[in-house]
Amino acid sequence: MIEIHLKKNVFRHPIVACFFITFLAFSCKEKPETKGKEVAQQTEVKKPNIVFILVDDLGYADVGFNGSTYYETPNLDALAKESLVLDNAYMYPTCSPSRTAIFTGKQSFRTGVYTVPVLEKGTAEENIFSRWTVGKEHTIFAEPLADAGYKAIHIGKWHIVGPYPEKEKKMTFPIQQKLTQPDPGDYSWVAKHKTPEIHQYYPEGRGFIKNVAGTYRGDPALEPGGYKSVGGGYIAPFSNPFIEQKPTDEWLTDRLTDEAIEFIGDHKNEPFFINLDYYAVHAPVRKRNEELYQKYLNKEVDSITGQGIAEKIKRKEHYAGYASMVESVDTNVARIVKYLDDNGLRENTMIILTSDNGYNGGQSKNDLLRGAKGYIYEGGIKVPALVNWPGKVQARRSKEAITALDFFPTFLDVAGIKNYNGELDGNSITPMFTKDNEQFTNRPLFWHIASQWKHGTCSVIRKNNYKLIQFLADGKLELYNLNADPSESTNLVETNKDIANTMLAELVQWRKQNKVPLPPNSVLEF
């Protein structure tokens with residue numbers, strides 16, 4: 001503001017008075033271009049921020065808000081009370097196809113990623129062996145978001161590039177043997193992965209402006225000894241060549257959260273996307289600290305889910321260590337929420353938290369569901385999920401079924417991107433933010449798993465709370481009523497033939513329309 005000091009009787013002279021009034025009028029008048037810019041700044045609405053948190057191997061019942069009394073997740077439970085909690089959120093049974101589906105929005109048969117390549121069992125007759133590297137022909141969600149002005153960071157597990165992508169891309173698919181990976185402690189791949197030839201398949205080549213700790217590997221134990229090493233990749237110093245060592249490092253989950261908070265701080269005045277893919281709670285199990293470990297070692301077990309129950313002390317110790325890792329994730333998510341609150345960012349930020357597949361049967365339990373990670377049954381594919389966005393999302397629990405394929409279109413919708421022309425197999429869940437939507441009530445969900453690990457290859461349809469599984473080798477069918485029988489203990493194929501035949505016809509038609517490939521040993525035509 002300009003201060004003007006005048007002598008007491010200055011306006012007595014008419015020429016001086018006239019000059020002053022004219023000067024004042026021009027001084028106070030805004031320049032048209034300046035006024036326009038200020039109006040634009042006042043009316044321009046900042047695009048919503050997005051924080052997507054993907055926990056690795058966190059089971060549906062591994063959180064308090066889904067019923068666990070053994071695991072303590074007070075911060076997630078509090079967040080859930082303010083969120084849309086999705087009771088029927090689904091992934092693939094393993095991380096590779098789930099993460100590929102999230103990144104690309106495409107079904108497994110389109111990308112050729114059916115399971116974790118190194119886990120596959122059997123021959124080329126029994127499998128369509130999985131790809132590992134997601135090619136550039138498959139757009140991932142960060143790319144259109146970058147075009148729309150988002151600053152995005154990838155933190156943690158990447159796993160959509162193989163250890164030898166240059167060899168893999170030259171292969172003729174389907175290949176005749178499963179892909180391989182280096183042994184822990186073998187860093188011969190690192191230099192090559194930092195060259196432009198391969199780095200294009202890393203986050204910086206896929207729409208993110210920064211990558212922290214993302215590599216080809218599905219767990220953090222890259223050091224010699226792998227799972228048998230002292231730190232297991234979770235305890236500093238970290239062996240990951242894509243994370244810069246810091247003197248303050250102690251625990252990997254803490255460090256990854258630090259990176260998320262730092263990035264938010266650097267980009268809080270522009271739309272940001274945090275893709276936080278914790279390595280936790282994936283094996284190897286390491287206790288977060290002695291205090292948490294002892295708490296769970298001595299804690300009362302959950303007799304309903306079976307969590308914490310073990311006959312042998314070694315297994316009890318394993319469960320206690322895993323529980324400490326779960327609580328560590330809970331503590332770190334709270335740090336992010338607090339930072340958003342403290343910096344006035346929460347109301348313009350959508351937070352989604354979920355897991356990439358069901359719980360690892362060697363680390364946790366859930367006696368209420370059949371199967372675990374690797375299985376197409378509910379224990380392997382049903383995951384915890386919540387969406388939080390104050391003022392935009394109505395807090396409640398919903399039984400509408402969603403899938404990994406729905407996140408890409410949801411991100412586009414929230415970001416206001418209307419011109420994306422790529423192929424997407426899911427639906428934006430934004431219509432569910434305020435109330436349930438019949439679009440999700442009536443739509444079928446499909447899975448196609450053309451390579452085998454825990455069981456044979458299969459296709460699956462879930463619709464109206466029924467799930468039909470067709471095994472591809474022999475055509476065998478299983479039908480379950482998920483409402484009445486969530487543990488999938490009673491096969492209804494013979495007693496509910498009408499439902500089974502109707503669902504099978506829809507599944508076969510889906511495969512036929514999409515030219516879904518079948519393994520060589522399949523007896524099926526489509």
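Here, residue 1 is the first one in the sequence, and each next residue gets the next number.
Using a 4.5 Å heavy-atom threshold, the side chains of Asp436 and Thr441 count as separate. Here the side chains of Ile53 and Val333 are in contact, with some heavy-atom distance below 4.5 Å.
For Lys299 and Glu72, the salt-bridge test passes: some basic side-chain N is under 4.0 Å from an acidic carboxylate O. By the 4.0 Å N-to-carboxylate-O rule, Lys382 lies too far from Asp87 to be salt-bridged with it.
The side chain to side chain donor-acceptor pair (under 3.5 Å) search around Tyr359 returns none, not counting sequence neighbours. Contacts of His154 classified as ring pair (Phe, Tyr, Trp, His ring centres under 6.0 Å), with partners at least two apart in sequence or in another chain: Trp158, Phe208.
Outside the 6.0 Å centre-distance limit, the rings of Tyr164 and Trp189 are not counted as a close aromatic pair. Ring centroid separation for the pair Phe273 and Tyr150 does not come in under the 6.0 Å cut-off.
Partner of Glu378 under the salt bridge (Lys or Arg N to Asp or Glu O under 4.0 Å) criterion, chosen from Lys467, Arg370, Arg462: Lys467.
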_Leu297/Glu317 under side-chain contact (heavy atoms from CB on, under 4.5 Å): CA gap, chis, key distance, verdict_ = CA-CA 6 Å; Leu297 201 57; Glu317 292 170 347; 3.9 Å; yes
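At least one cation-pi condition fails for Lys399 and Phe440: the charged atom is not both under 6.0 angstrom from the six-membered ring centre and inside a 45 degree cone around its axis.
Note that the OG atom of Ser98 and the NZ atom of Lys373 stand 10.0 Å from one another [nearest 0.5 Å]. Interatomic distance, Leu84 CG to Ile429 CD1, rounded to the nearest 0.5 Å: 6.5 Å.
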